[in-house]
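Each remark here refers to the structure printed beneath this line.
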2 protein chains.
Amino acid sequence: MPSNLEATFAALGEPTRRAVVGLLSRGPRRAGDLADELGQSAPAMSRHLRVLRRSGLIAPEEVDADARVRLYRLQKAPFDQMRGWLDEVELFWGEQLDAFHAHVVARNGEQ
Amino acid sequence: MPSNLEATFAALGEPTRRAVVGLLSRGPRRAGDLADELGQSAPAMSRHLRVLRRSGLIAPEEVDADARVRLYRLQKAPFDQMRGWLDEVELFWGEQLDAFHAHVVARNGEQ
DNA sequence: TTAATATTTAACTAAAAACGCAACTACTGT
DNA sequence: ACAGTAGTTGCGTTTTTAGTTAAATATTAA
């Protein structure tokens with residue numbers, strides 16, 4: 001389950017896959033149900049799920065009884081990583097804006 | 001400047017473009033400087049910048065003096081949209097986990 | 001006007017992604 | 001063993017993406 005930002009963002013850059021994540025946020029589901037709900041063929045959905053699996057965003061539930069059925073579940077790690085990246089970017093960005101503001105204030109005085 | 005999630009996530013699914021965003025978070029920069037710092041040819045960088053522009057993640061600064069130079073700057077809206085989407089997903093997800101926890105507690109008693 | 005600089009666009013190539021259909025795997029139930 | 005169900009994979013096709021070189025655009029400086 002290698003969770004890398006590259007694959008995560010790329011996976012979410014596709015509407016069907018974002019919709020899959022949206023549905024899975026409501027609870028785990030089977031591949032076939034996702035295909036039906038999103039109007040995709042079984043092979044197409046299987047491929048989307050593979051992309052999502054490789055990104056680490058989803059994982060098949062531990063198979064218990066019926067191994068024909070794979071219940072997919074959302075994974076937290078990639079979400080944390082994305083938020084971490086966004087936090088980092090916005091942290092420096094904030095400093096930049098602060099510096100810009102200080103610069104304006106230094107030139108024009110407090111508004 | 002249509003800022004849609006699809007283009008935003010897709011744009012960030014590429015390492016060079018994420019690096020561009022990282023650099024721009026430290027302050028606005030010219031296309032040529034970004035190309036140099038990231039070891040990309042000018043045309044390649046120009047294309048990456050077009051993708052980022054179309055996603056809404058960056059915008060060229062209002063041209064002031066020298067119009068040969070385009071200073072690119074990060075835009076907040078797409079970041080807010082991404083966080084909004086993540087919030088929504090994790091909101092439902094949280095409810096799901098809460099329900100699961102309640103279910104476990106109901107079966108096994110408080111841990 | 002001419003040269004120089006910064007950036008984008010055009011045309012092309014190569015690699016990757018997406019989708020349909022058909023075939024295959026793996027398991028269940030009779 | 002056989003049929004049925006759930007899901008994945010192989011293959012051919014079409015589209016998209018990323019990169020290159022060369023040319024075009026826009027602006028400043030001489």
Side-chain angles (χ1 to χ4, degrees), chain A residues 1-2 4-21 23-24 27-74, chain B residues 1-2 4-21 23-24 27-74:
Chain A
M1 304 88 177
N4 61 315
L5 270 187
E6 167 139 12
T8 303
F9 278 122
L12 295 177
E14 209 278 339
T16 301
R17 289 194 292 258
R18 263 201 324 290
V20 166
V21 171
L23 286 174
L24 290 185
R29 275 184 179 55
R30 311 190 300 182
D33 293 342
L34 291 166
D36 291 346
E37 290 178 272
L38 298 175
Q40 298 272 319
S41 70
M45 180 53 68
S46 182
R47 286 169 201 287
H48 282 309
L49 292 175
R50 179 166 60 186
V51 173
L52 288 167
R53 239 185 291 125
R54 288 182 176 164
S55 77
L57 278 161
I58 69 173
E61 194 138 89
E62 311 73 57
V63 181
D64 28 55
D66 190 339
R68 275 177 311 180
V69 175
R70 303 188 92 175
L71 270 187
Y72 280 104
R73 190 182 282 280
L74 240 42
Chain B
M1 302 84 178
N4 61 317
L5 270 188
E6 167 139 11
T8 303
F9 279 123
L12 295 177
E14 208 278 340
T16 301
R17 289 194 293 259
R18 263 201 324 290
V20 166
V21 170
L23 286 173
L24 289 184
R29 277 185 178 55
R30 310 190 298 182
D33 292 343
L34 291 166
D36 292 346
E37 290 178 270
L38 298 175
Q40 297 272 317
S41 71
M45 180 53 68
S46 183
R47 283 178 179 287
H48 282 308
L49 293 175
R50 180 166 61 183
V51 173
L52 288 166
R53 237 186 292 125
R54 287 181 176 167
S55 78
L57 278 161
I58 69 173
E61 194 138 89
E62 314 72 58
V63 180
D64 29 57
D66 190 339
R68 275 177 312 181
V69 176
R70 302 187 92 178
L71 272 187
Y72 278 105
R73 191 182 281 279
L74 240 41

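These figures come from a predicted structure and were not determined experimentally. Residue numbers begin at 1 in each chain, while the letters A, B, ... track the order of the sequences. Only heavy atoms go into these numbers, but all of them, side chains included; no hydrogens, no water, no symmetry mates.
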After noting the C-alpha distance and the side-chain angles of A:Leu23 and A:Leu38, does the key distance pass the side chain to side chain contact (heavy atoms under 4.5 Å, CB included) rule?
CA-CA 10 Å; A:Leu23 286 174; A:Leu38 298 175; 3.9 Å; yes

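- Distance, B:Leu49 CG to D:dA18 P: 13 Å, rounded to whole Å.
- Using a 4.5 Å cut-off on side-chain heavy atoms (C-beta onward), A:Leu57 and A:Leu12 make contact.
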Can you tabulate the close N/O pairs, meaning under 3.5 Å, that link protein atoms to atoms of nucleotides 12-17 of chain D?
none

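- With rounding to whole Å, A:Leu52 atom CG is found 15 Å from D:dG7 atom P.
- When each of D:dT8, C:dC19, C:dT8 is scored by its nearest atom to the side-chain atoms of B:Ala31, the top-ranked nucleotide is C:dT8.
- Between the C1' atom of C:dA17 and the CZ atom of A:Arg50 lies a distance of 11 Å, rounded to the nearest Å.
- The structure places CG of A:Leu34 at 8.0 Å from CD1 of A:Ile58, a figure rounded to the nearest 0.5 Å.
- The shortest side-chain heavy-atom distance between A:Leu24 and A:Arg29 falls under the 4.5 Å cut-off.
- With a 4.5 Å cut-off on side-chain heavy atoms, B:Val51 and B:Arg47 do not count as touching.
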If you restrict it to nitrogen or oxygen atoms, what contacts under 3.5 Å exist between nucleotides 11-16 of chain C and the protein, and what is each distance?
residue : atom : partner : partner atom : Å
C:dA11  : N6   : B:Arg47 : NH2          : 3.2

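- Close to C:dC19, at under 4.0 Å from its OP1 or OP2, lies a side-chain N or O of A:His48.
- Atoms CD1 (A:Ile58) and P (D:dT8) sit 9 Å apart, rounded to a whole Å.
- Within residues 33-45 of chain B, the residues approaching DNA chain C are B:Ala42, B:Pro43, by heavy-atom distance under 4.0 Å.
- Dashed line: the shortest gap from a side-chain N or O of A:Tyr72 to OP1 or OP2 of D:dT8 is under 4.0 Å.
- Contact check, B:Arg53 against C:dT8: a side-chain N or O comes under 4.0 Å of OP1 or OP2.
- The two residues B:Thr8 and B:Ser55 have their closest heavy-atom pair at OG1-O, 3.6 Å.
- Closest approach of B:Ala35 to B:Ser41, counting heavy atoms only: CB-O, 4.2 Å.
- The two residues A:Arg73 and A:Pro28 make their nearest non-hydrogen contact at NH2-CG, 3.7 Å.
- Closest non-hydrogen pair, A:Glu6 versus B:Pro15, comes out as OE1-CG, 3.0 Å.
- Between A:Ala10 and A:Arg17, the shortest heavy-atom distance links the atoms O-NH2, 3.5 Å.
- Nearest nucleotide to the side chain of A:Arg30, out of C:dC19, D:dT9, D:dA6: D:dA6.
- Taking the side chain as every heavy atom from C-beta outward, B:Leu71 and B:Arg30 approach each other to under 4.5 Å.
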